[in-house]
Amino acid sequence: MVQSLEKGSVRQIETSSIVYDTQKLNLWYGNHHALKNIDLQIKENEVTAIIGPSGCGKSTYIKTLNRMVELVPTVKTSGEILYRERNIFDANYGVEELRTKVGMVFQKPNPFPKSIYDNIAYGPRIHGIKNKKILDEIVEKSLRGAAIWDEVKDRLTTNAYSLSGGQQQRICIARCLAIEPDVILMDEPTSALDPISTLKVEELIQELKVDYSIIIVTHNMQQAARISDKTAFFLNGEVVEFDKTDVIFSTPEDKRTEDYISGRFG
Amino acid sequence: MRYVNHEAVVKKMNKRLMVNGIFKTIFFAATLFALLVLGVLFYRIISQGVSYLTPEFFQNFGSRVPEKAGIKAALIGSIWLMCVVAPVSIILGVGTAIYLEEYATKNKLNDFIRMNISNLAGVPSVVFGLLGLTIFVRALALGNSILAAGFTMSLLILPVIIVGAQEAIRAVPQDVREASYGMGATKWQTIINIVLPSAIPGILTGAILALSRAVGETAPLVVIGIPVIVHFLPDNLLSQFTALPMQIYDWAKRPQEAFQYVASAGILVLMGFLLIMNSIAIFIRNKFSKRY
Amino acid sequence: MGSSCYSFLAFGKGGFTVGQKAEKLSVQELIQKSSGKKQKKLIEKMIPIILLLIASVSVLTTFGIVGTLIVETVIFFNDVKITDFLFGTEWYPFGNTEQLFGILPLVAGTLKVTGIAVVVAVPFGIASAIFLSEYATDKTRRIIKPILEVLAGVPTIVYGFFALTFVTPLLQQFIPGLKIFNALSPGIVVGVMILPMIASLSEDAMSSVPNSIREGALAMGSTKLEVALRVVLPAALSGIMASVVLAVSRAIGETMIVSLAGGSTPKFDLDVTESIQTMTAYIVQVSSGDAGYGTTIYYSIYAVGFTLFLFTLLMNYLAHVISKKYREEY
């Protein structure tokens with residue numbers, strides 16, 4: 001296991017490096033002020049969980065990180081998000097380029113109505129990789145990476161919709177891995193899954209953080225406590241508290257965080 | 001003190017239920033009327049036409065003698081016509097639908113395009129014939145050719161194809177589009193790779209139904225001056241030609257009774273043509289019905 | 001599992017080795033290297049423009065129709081006084097010495113046929129809609145609706161043939177004075193043609209009345225008939241009216257049925273047993289004859305076409321207004 005040793009040493013050097021630096025981010029849906037003065041630094045090779053009650057802006061925030069939020073036509077933003085020291089709102093920063101580096105996994109499993117193979121090969125293909133041998137390698141590697149290779153290796157040509165919900169979500173994760181993103185955004189990835197599938201996805205996230213920086217939105221506080229290194233608590237579009245997960249869940253500074261953690265609201 | 005006398009209500013109830021039963025029968029009978037007409041229509045045409053439906057009928061050109069009249073030129077002409085109408089109307093229709101569903105923002109120009117399409121759908125086909133006569137036959141000097149007729153028919157069924165394609169595109173769930181964008185795909189890549197493959201069964205089903213309307217449409221062809229007696233087969237898109245409904249129209253107008261039977265046989269061919277097209281549409285719908 | 005090693009490929013972001021060759025491969029690098037980025041950007045810019053051009057074809061079609069009709073109609077009015085056209089009660093374009101272009105007889109022909117069609121189609125159409133929406137089981141509906149679709153898909157030339165060779169002779173047995181060409185027979189058949197349209201659009205309007213309203217009435221002991229006539233029908237009324245207006249528009253524009261079975265003798269009266277001519281049938285008559293290009297008769301088909309266009313436009317607008325109101329109700 002030379003590889004993992006290597007990885008470990010690399011990680012130590014890189015722990016200090018910041019992937020996402022959000023500075024004074026404000027976002028409006030029409031007149032609704034959904035995100036207020038967000039300042040947040042997200043580090044490499046960590047799992048950062050974002051928690052908070054419904055409507056607190058946590059999903060909006062994660063969708064802003066790859067500018068998916070702009071699919072809503074009335075959205076306006078101010079402030080900056082630096083991804084690897086480059087402002088993602090820069091006019092000459094193409095969203096496609098950003099999204100090639102930042103993968104996303106959605107609330108509901110949303111595989112394409114295509115074969116499993118074509119789902120995984122989709123990303124590489126649209127980005128110009130056409131060599132069949134390389135695609136084969138990528139598909140296998142990604143499916144292994146998402147811990148679903150053994151379940152689907154004999155039926156790569158069947159439609160992804162023939163799989164169960166939990167398998168579909170891991171296919172979506174594999175699809176995301178296929179372009180080897182730097183960061184993976186996960187928007188409540190287990191909210192539509194049964195407990196067993198949820199457990200598998202959580203285990204997978206633990207494995208993935210060796211190679212990827214992961215930002216996960218979750219409504220499930222136990223999940224955040226189980227899998228994340230850092231936790232940000234959002235309330236009414238503001239970051240109330242952001243710290244190491246064990247600190248947030250044991251000795252939160254803010255009263256509101258404590259109330260939410262202890263289940264008094266939300 | 002009770003305002004509602006329940007005994008009286010119960011007594012009246014029988015009568016009310018009886019009235020309900022009578023009306024149910026009336027409504028049912030009214031529904032059957034449409035089916036009855038359809039039945040009589042098919043029975044008449046089949047019983048009149050089937051004896052004329054000989055191999056010679058498919059091999060002969062039009063003729064003044066009923067026994068020698070055939071449908072060859074019209075059948076081949078209709079197929080040629082579809083070869084123009086299908087690509088032109090589908091490309092224009094699907095392109096417009098993609099524009100309206102995927103690119104058009106809400107502004108006055110796009111509202112105008114939308115309103116215009118729904119208005120266009122209500123314009124009588126004979127008026128499209130006048131448009132074809134002026135623009136394609138005369139101004140563009142295409143004459144009464146396959147191309148002129150094909151363009152006219154394409155514009156006639158365009159609104160139907162657009163609306164069908166719009167519905168099919170709209171039925172593609174937003175979350176698969178988002179997944180594609182999330183991979184860094186551009187808008188066009190998402191449309192070509194994700195949206196259209198999912199929407200194509202719906203688009204094709206709608207398009208084939210629209211095309212079958214074009215097959216049976218007569219008025220625009222009359223107006224742009226498509227001849228009825230043609231003794232040759234078209235060999236290019238600028239050839240003169242005749243089409244199934246034109247041929248039937250000509251036979252139906254003739255005073256000799258025997259031509260009624262020829263016309264019925266022609267209608268059977270036309271209906272067979274439509275039946276094949278509709279079967280293809282149903283086949284596509286069932287075969288590729290989406291699974292989300 | 002994700003971090004275990006395999007004989008032929010090893011893990012780790014930033015690269016994996018393929019086969020025996022110690023060649024390092026990174027998907028991100030491959031993506032960077034892949035050509036066609038500029039091309040991609042160009043496509044993204046060009047596609048919306050191309051699609052907008054395609055979408056503008058439908059707008060051009062409308063302009064083409066309106067423009068054509070106006071231009072040729074104006075030429076027609078160089079020869080014929082506009083008041084004679086609008087108020088003249090005689091349409092006699094083929095005279096050698098005198099040509100008369102009063103549109104009213106053609107309008108009368110159109111309205112006779114449309115009127116009869118409405119009398120046939122509205123009661124049958126709405127009754128079918130009530131049956132399908134309120135009484136029919138799912139199974140019955142699944143059988144009847146496709147049949148109505150077939151009825152709507154029958155080409156009008158077939159209906160015209162049916163009117164001429166079956167309905168007219170049939171009617172002649174009951175109405176002795178009925179001519180071979182008349183308004184009654186094509187009127188009835190046009191009614192059959194628009195019936196499926198009224199039935200299916202009205203059924204849509206009635207089905208979209210929320211079930212809770214029906215249940216409310218049924219729970220008070222109403223019969224199904226009372227629910228249908230007193231609750232559902234009033235609630236769906238504007239939708240039903242819109243369907244009727246649209247069907248009227250179709251009937252006005254219907255061409256082949258009236259061309260085959262209506263005749264070619266425009267008369268400004270109310271007689272439905274005699275030969276008539278509608279606006280559409282006149283256009284067909286002239287264009288299938290050999291009226292020379294540039295003659296007054298040639299231009300007259302545009303003037304008639306324009307009148308026809310305005311009639312249908314008015315009807316479609318009316319239907320639009322009515323159905324807009326109906327959409328606001330729930």
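Reminder, nothing fancy here: chain letters follow the sequence lines and each chain counts from 1.
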Distance in Å, B:E178 CD paired with A:Q107 CD, rounded so as to fall on 0.5 Å steps: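 Rounded to the nearest 0.5 Å, the CD-CD separation comes to 10.0 Å.
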Rounded distance (nearest 0.5 Å) linking atom CG of A:N110 with atom CZ of B:R177: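 It is 12.5 Å, given to the nearest 0.5 Å.
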Heavy-atom pair with the smallest gap, counting every atom of [X] and [Y]:
X      : Y      : value
A:R99  : B:Y181 : CD-O, 2.9 Å
A:I126 : B:G184 : CD1-C, 4.2 Å
A:R175 : B:A179 : NH2-CB, 3.1 Å
A:P113 : B:V176 : CD-CG1, 4.0 Å

If you count every heavy atom of other residues, nucleotides or ligands that lies below 6.0 Å from [X] atom [atom1], does the total exceed 12?
X      : atom1 : answer
B:F283 : CZ    : no
A:N31  : CG    : no
B:Q174 : CD    : yes
B:K24  : NZ    : no

At a 4.5 Å cut-off on heavy atoms, which part of [X] comes close to chain B: side chain, backbone, both, or neither?
X      : result
A:R125 : neither
A:K101 : neither
A:V102 : backbone

Toward chain A, the part of B:S180 with a non-hydrogen atom under 4.5 Å: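 Its backbone and side chain both get close to chain A.
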Criterion side chain to side chain contact (heavy atoms under 4.5 Å, CB included) on A:F112 and B:N193, from CA distance to verdict: CA-CA 10 Å; A:F112 303 127; B:N193 294 308; over 6 Å; no
